Amino acid sequence: VSQIQNNIAEPQSNLVDAFLLPSLQQARAYSIDTPPAQIKLDQNESPFDWPIEIKKRVLDRVARRNWQRYPSPFTWELNELLAKQLDVSPENIFTANGSNVILSILIATLTKKLEGKVVVARPSFAHYESTCRYEGISYEPWNLSEDFQYDISTLPELTPGSLVIFASPNNPVGNVLSLSTLDDLLTRHPQCLFVADEAYFEFVSEDYLQLLKRHANLIIVRTFSKTLGAAGVRIGYAVAAKGWFQHLHKLRLPYLINFFGLEAAKEILQNPELEALRCKAVELILTQRQRMVAELQEIANENFRIVPPHANFFLMQWKDAVSSEKAYRSLISDNILVRDVSKGPGLANCFRVTVGLPEENEAFVNSMRKIIKKV
Ligand SMILES: Cc1ncc(COP(=O)(O)O)c(C=O)c1O
């Protein structure tokens with residue numbers, strides 16, 4: 001590999017500077033610490049894989065396609081299935097190979113002709129701030145309160161033409177913005193556009209879809225990666241008024257979703273067995289989460305606090321950096337990986353724990369019982 005690299009001429013820095021924004025050059029690339037660990041509670045994935053017979057059926061359909069041909073350019077069939085499920089029209093749907101792709105397209109496009117501000121929730125999904133930096137977009141943070149809640153009083157003043165990006169339930173914190181608060185914001189700021197990332201909506205009782213009937217200034221983004229147990233399949237979608245997507249569709253590259261993604265997505269939307277598994281998974285994760293949090297609260301003392309969670313993960317904030325680092329490392333030595341988010345803005349001494357299988361959660365709590373005696 002090094003020999004091949006040596007054969008490629010490197011550009012002078014002034015050539016790079018002539019083409020790439022300083023904010024992109026200075027930004028850090030996405031990285032994830034993945035030391036080997038048997039118990040993986042670090043990526044908010046579903047702990048449940050699909051039944052092998054269903055996987056085989058999907059693969060069989062993929063095998064029977066003509067691989068020398070392009071797939072459907074705009075996945076209308078998938079949009080129709082999704083539209084039916086959500087009781088909207090196919091023109092209200094925008095699909096891509098992962099919701100992070102959709103978020104990137106939305107952020108890059110909706111800020112080109114900016115008349116107001118870009119406001120990004122903080123701490124929230126790091127992809128929003130990273131994308132702004134990669135694209136050279138100035139933005140203002142919407143800081144959560146001391147106790148990690150959305151607080152309207154800390155929302156920057158929204159001048160007409162502002163774009164607001166946030167998640168609910170919010171990763172990595174686990175807090176939510178209530179339906180009524182969003183309803184109120186959308187009413188009060190009809191000239192602003194809100195991008196609501198609902199990657200974890202299946203874990204809460206109220207989702208935002210109904211708001212689209214009354215508010216054209218809302219774009220909802222969702223994913224198949226979490227409750228649907230399909231992070232490896234890479235499917236995300238957005239729902240909003242046609243008025244947005246008739247133009248944004250031009251920016252969606254054709255053939256974005258390959259044969260495998262299309263067939264797996266169709267299976268998810270059409271197979272009642274997968275839907276039943278999804279419901280069971282959500283129920284089990286919520287029961288498990290409640291139990292884990294209760295057990296951890298018992299041993300917390302003044303060492304850490306847990307932000308009340310609303311999805312398949314929870315945030316633990318430790319009393320100081322030394323104990324959070326020590327706990328994180330001790331968990332790894334017990335073969336358990338959680339997500340160290342402590343370098344993110346507003347997340348000092350924090351790590352995030354995904355709810356896994358019952359036996360994995362038990363191992364985590366047992367490991368914490370040991371660790372708490374040492375910090
Ligand atoms: C809030 C939020 N939005 C979007 C995503 C990205 O999901 P996808 O797998 O669809 O790209 C994640 C993944 O962790 C997330 O937590």
Side-chain angles (χ1 to χ4, degrees), residues 30-34 40-47 49 75 78 82 93-108 120-132 134 142 144 148 150 164-177 182 194-204 207-208 219-239 252-253 256-258 260-262 264-265 268-269 278 282 285 289 307 309-315 337-341 344-347 350-356:
Y30 174 80
S31 71
I32 174 163
D33 188 22
T34 46
K40 203 174 160 332
L41 306 179
D42 66 327
Q43 283 194 286
N44 295 351
E45 298 150 321
S46 168
D49 197 357
T75 64
L78 174 58
L82 264 168
I93 304 278
F94 185 105
T95 55
N97 49 343
S99 65
N100 57 5
V101 173
I102 298 176
L103 289 160
S104 293
I105 295 174
L106 292 177
I107 295 171
V120 181
R122 178 190 280 177
S124 187
F125 187 41
H127 184 67
Y128 316 143
E129 290 198 44
S130 301
T131 306
C132 288
Y134 301 157
W142 174 16
L144 301 191
F148 288 110
Y150 281 121
V164 181
I165 305 151
F166 72 100
S168 181
N170 183 26
N171 173 21
V173 178
N175 63 306
V176 286
L177 181 72
L182 179 60
F194 290 73
V195 172
D197 185 344
E198 281 200 317
Y200 303 93
F201 78 97
E202 288 109 327
F203 292 106
V204 286
D207 69 66
Y208 294 152
I219 299 180
I220 294 174
V221 181
R222 292 179 173 178
T223 179
F224 283 23
S225 295
K226 308 299 176 183
T227 51
L228 294 169
V233 174
R234 308 305 302 134
I235 300 284
Y237 67 97
V239 198
R252 181 199 181 281
L253 294 174
L256 214 50
I257 304 180
N258 64 27
F260 168 63
L262 283 172
I268 287 174
L269 294 169
R278 183 188 69 78
V282 170
I285 286 165
R289 186 191 73 195
V307 181
H310 289 91
N312 61 338
F313 59 88
F314 52 88
L315 187 77
L337 184 61
V338 296
R339 186 67 175 268
D340 177 8
V341 294
L347 291 168
C350 291
F351 59 66
R352 187 193 68 196
V353 185
T354 305
V355 179

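One-based numbering, in listed order, for ligands and for the atoms of each. In this chain, residues are counted from 1 in sequence order. All figures in this text were calculated on a predicted structure; none of them were measured in a lab.
Side chains of Ser168 and Tyr200: a donor-acceptor N/O pair is absent below 3.5 angstrom, by distance only. For the residue pair Asn44 / Arg339, no side-chain donor-acceptor distance below 3.5 Å is found, with atom types taken as modelled.
Of all atoms in ligand 1, listed by their number and element, those nearer than 4.0 Å to a heavy atom of Asn100 are 11 (O). For ligand 1, the atoms sitting less than 4.0 Å from at least one non-hydrogen atom of Gly98 are 10 (O), 11 (O), numbered in the order shown with element in parentheses. Close approach to Asn171 involves these atoms of ligand 1, each under 4.0 Å from a residue heavy atom: 1 (C), 14 (O), 15 (C), 16 (O). Listed by atom number, the atoms of ligand 1 under 4.0 Å from Arg234 heavy atoms are 8 (P), 9 (O), 11 (O).
A side-chain donor-acceptor contact under 3.5 Å links Thr354 to the backbone of Leu41. Panel note: side chain Glu198, backbone Tyr208; a donor-acceptor pair is recorded below 3.5 Å.
With Phe201 as the aromatic partner, Arg222 meets the cation-pi criteria of under 6.0 angstrom to the ring centre and within 45 degrees of the ring axis.
Residues Asn312 and Ser46 fail the side-chain proximity criterion, which asks for heavy atoms closer than 4.5 Å. Between Leu315 and Phe148 the shortest side-chain heavy-atom distance falls below 4.5 Å.
Contacts with ligand 1 closer than 4.0 Å are made by side-chain heavy atoms of Tyr200 only, the backbone lying farther away. At a heavy-atom cutoff of 4.0 Å, ligand 1 is contacted by the side chain of Asp197 but not by its backbone. Contacts between Lys226 and ligand 1, counted as non-hydrogen atom pairs separated by less than 4.0 Å, involve the side chain only. At a 4.0 Å heavy-atom cut-off, ligand 1 does not touch His127 at all.
Within the structure, the closest approach of Gln43 to ligand 1 does not fall below 4.0 Å when heavy atoms are considered. Contact analysis leaves Gly236 out of contact with ligand 1, as no non-hydrogen atom separation drops below 4.0 angstrom.
At the shortest separation from atom 6 (C) of ligand 1 among protein heavy atoms lies Ser99 OG, 3.4 Å. When only non-hydrogen protein atoms are considered, atom 12 (C) of ligand 1 lies nearest to Phe125 CZ, 3.4 Å.
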Check the pair Leu103 / Tyr128 against side-chain contact (heavy atoms from CB on, under 4.5 Å), numbers first and verdict last. CA-CA 8 Å; Leu103 289 160; Tyr128 316 143; 3.9 Å; yes
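When only interatomic distances are considered, the shortest N/O to N/O separation between Ser225 and ligand 1 falls below 3.5 Å.
A salt bridge is defined here as a Lys NZ or Arg NE, NH1 or NH2 lying under 4.0 Å from an Asp or Glu carboxylate O, and Arg122 with Glu129 meets this definition.
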